[in-house]
Amino acid sequence: MKKYLITSALPYVNGLPHLGHLIGCLLPADVYARFLRAKGEDVLFICGTDEHGTPSEVGAAKENMPVEEYCLKYHQLHVQMYEGFNLSFDYFGRTSSEQNKEIVYRIFEKLWQNGLVVEKTTRQVYSPDDGRYLPDSYVIGTCPYCGYEKAKGDQCENCTKVLDPIDLIHPKSAISGSDKVEIRETKHLFLQLPKLEQDLAEWIETKKGVWPDIAYSIAKKWLKEGLQERGITRDLKWGFAVPKEGYEDKVFYVWFDAPIGYIGITKQWADEKPTQRRFEDWWLNPDETIYTEFMGKDNIPFHTISFPATLKGTGENWTQVSMLKGLNYLNFAGGKFSKSEHRGIFLDDAIREFPADYWRYWLIANAPESDDTNFSFDQFAATVNKDLNDVLGNFINRVLKMTATNFGQQIPLLGNPTTTEKELYAALDSLIETYTKHLSQLEYRKAMSVLREIWVAGNNYLAQTEPWKVVKTDTDYAGTILNTALNLIRLYAHLSAPIMPQTAQKMIDIFEYPDNLAWPDAPMSVYLTKLPTGTPFQLIQPLFQKILPDRTAELKMRYKEE
RNA sequence: CGCGGGGUAGAGCAGUCCGGUAGCUUGCCAGGCUCAUAACCUGGAGGUCGUGAGGUUCAAAUCCCACCCCCGCAACCA
């Protein structure tokens, strides 16, 4: 049996995640994992916090705590927030784990043995007052081209010229503000990507039409420009020590150990039950494993080029990515979400305002698949009110109440289906097939528009059959209609579960009938007759609440949406 | 100057690969229904498809050329 390995890009531990992080990789991955599990597939869904690097060191210093403590604190906050959104990771680990260290060393040694690692001397900016080397973007100064005074060492935001921090006039540290900076020569290890280029290019060519255009074209762009040797070490303290002489003060670069973290975290998972689980079954098993990665567009080069090259370079038979979903950005009020300026909606705020499923539905229905997408409370409210409350929530409510009034709180007898029911079965069979196809292909917006059609089909069925009239003249047929409608509620629960797990559970719990959230596996002529006659059901509070204009206005004020 | 994505009805999007009556959601207008949460169902109006009296073609949103605008990337912030 095929195994489905799913990873979401690892959120950087520094600071708190916002809606952009959620839709950028975590949530689409979760929906896919839930969908495959519902279909009965063997799924392993892995994620965790990416912890090494300068931003963590700087963040820890700001909060005046050791970096290990700082990372643990934020790791736990991430865990809490993702639990709040019901992300169904099989394991949520950390790139700083012992297990990851073990895998990083193993891969590094192989690359070393294969002659793919070389030493080069580079010139880096050192700040004595900070006691550290400064990454390019942590050096600020005057742009030599346009005179802009706050140019960053990697690029001038004013004239967009790409810079070398060494070229800045009056350079100073972005951390302490100190202008006592010096250029030092320092040795680093580089991975020789050019040696792997040919191999990589052939492999990527097989992904044409398989990966989304955005991923394929970005990978091709990098190949076209030619791969360069890539530094895999840094002059930092927070990271895995480089196990080579002369590198005692250096650690592996965060972008080297972060993707390897997928494997390291899988080993964390396996080590919890060593007699039952092996990371090798997933990661050194390419023939049986279908590996799907989710990430924001900025991450695509690392997942299509650097990481596959790293694995290939070992000469070992690692599982490589087969499906890859790259997403664009979610913007807020015309601009980016920002961690540093705390601009936008963060997950702790989001969950305080509305149930997780409201967000999950909106985000998936508006996933930034082809372009950046803008979040606005007006649109959010409109979607929640219409799709969730009016179309789905109201359908359930009207069916339950109508049945309770006319037949009591139990499933009425199903008579022989008429042409109308048969047409409904056929329409749904076709819609569900399309819906399933879109989810399999990770086409979320299309999938959601079909799901909505499926919900509308229920309301349409009632409009056509008018059970409130029929009940006065033909009780038996009215019972058949409502029986069918009640079965539709169950169907909707199953189909909605990957996107709205909590709501789906509530829908299932309406009926006193043992059920799970398995994917429909039979034609509707069978599937919509499953609830046994006489099964008791409960009248529940409406599943959703409308977001009224006053509330929307208040939200816009609170979150500063212009 | 480079690279990637985008520009289609008031708003949000699909359609472009493979040319053939311009589609969906929301909003607006009208009708139906009255079981349900002022909800549901149906119909209608609304677009020179960024620009070019460009090119190819019987036919262009779609292919080719030139240009304009928006967003992102450029190896260290999803």
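When each of W468(A) and F544(A) is assigned the nucleotide of RNA chain B bearing its nearest heavy atom, the one mapping closer to the 5' terminus is W468(A). Comparing E369(A) and T54(A) by the nucleotide of RNA chain B whose heavy atom lies nearest to each, the residue mapping closer to the 5' end is E369(A).
Residues forming a ring pair (Phe, Tyr, Trp, His ring centres under 6.0 Å) with H188(A) (at least two apart in sequence, or on another chain): none. Residues forming a salt bridge (charged side-chain N to carboxylate O under 4.0 Å, His left out) with R452(A) (at least two apart in sequence, or on another chain): D387(A).
Among C40(B), A78(B), C33(B), the nucleotide with an atom closest to any side-chain atom of H18(A) is A78(B). Comparing A11(B), G15(B), C40(B) against the side chain of D390(A) picks out C40(B) as the nearest.
Remark: A53(B) base-pairs with no nucleotide in the shown strands. Criterion, Watson-Crick or G-U wobble with two distances under 3.5 Å.
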Let me check something: any side-chain donor-acceptor pairs from residues 472-479 of chain A under 3.5 Å, sequence neighbours excluded? List them with distances.
residue	atom	partner	partner atom	Å
T473(A)	OG1	V470(A)	O	3.2
D474(A)	OD1	D476(A)	N	3.4
D474(A)	OD1	Y477(A)	N	3.1
Y477(A)	OH	T418(A)	OG1	3.4
Y477(A)	OH	E421(A)	OE1	3.3
Y477(A)	OH	E421(A)	OE2	2.9

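Against RNA chain B, the stretch residues 451-462 of chain A makes heavy-atom approaches under 4.0 Å through R452(A), V456(A), N459(A), N460(A). Shown for residues 395-403 of chain A: residues whose heavy atoms fall under 4.0 angstrom of RNA chain B, namely N397(A), R398(A), K401(A), M402(A).
Across all strands shown, N394(A) has heavy atoms under 4.0 Å from base atoms, whether or not it also approaches the sugar-phosphate. Nucleic acid contact for G53(A): none, since no nucleic acid atom lies under 4.0 Å from a heavy atom of the residue. G20(A) comes within 4.0 angstrom of a nucleotide base, judged by non-hydrogen atoms across all strands. Residue contacts shown for R445(A) are limited to sugar-phosphate atoms, with no base heavy atom under 4.0 Å away.
Following rounding to the nearest Å, F380(A) (CZ) and A11(B) (C1') show an atom-to-atom distance of 18 Å.
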When you compare the protein's N or O atoms with those of nucleotides 27-32 of chain B, which come within less than 3.5 Å of each other, and at what distance?
none

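The aromatic rings of F544(A) and Y358(A) are tilted relative to each other, their planes meeting at an angle between 30° and 60°.
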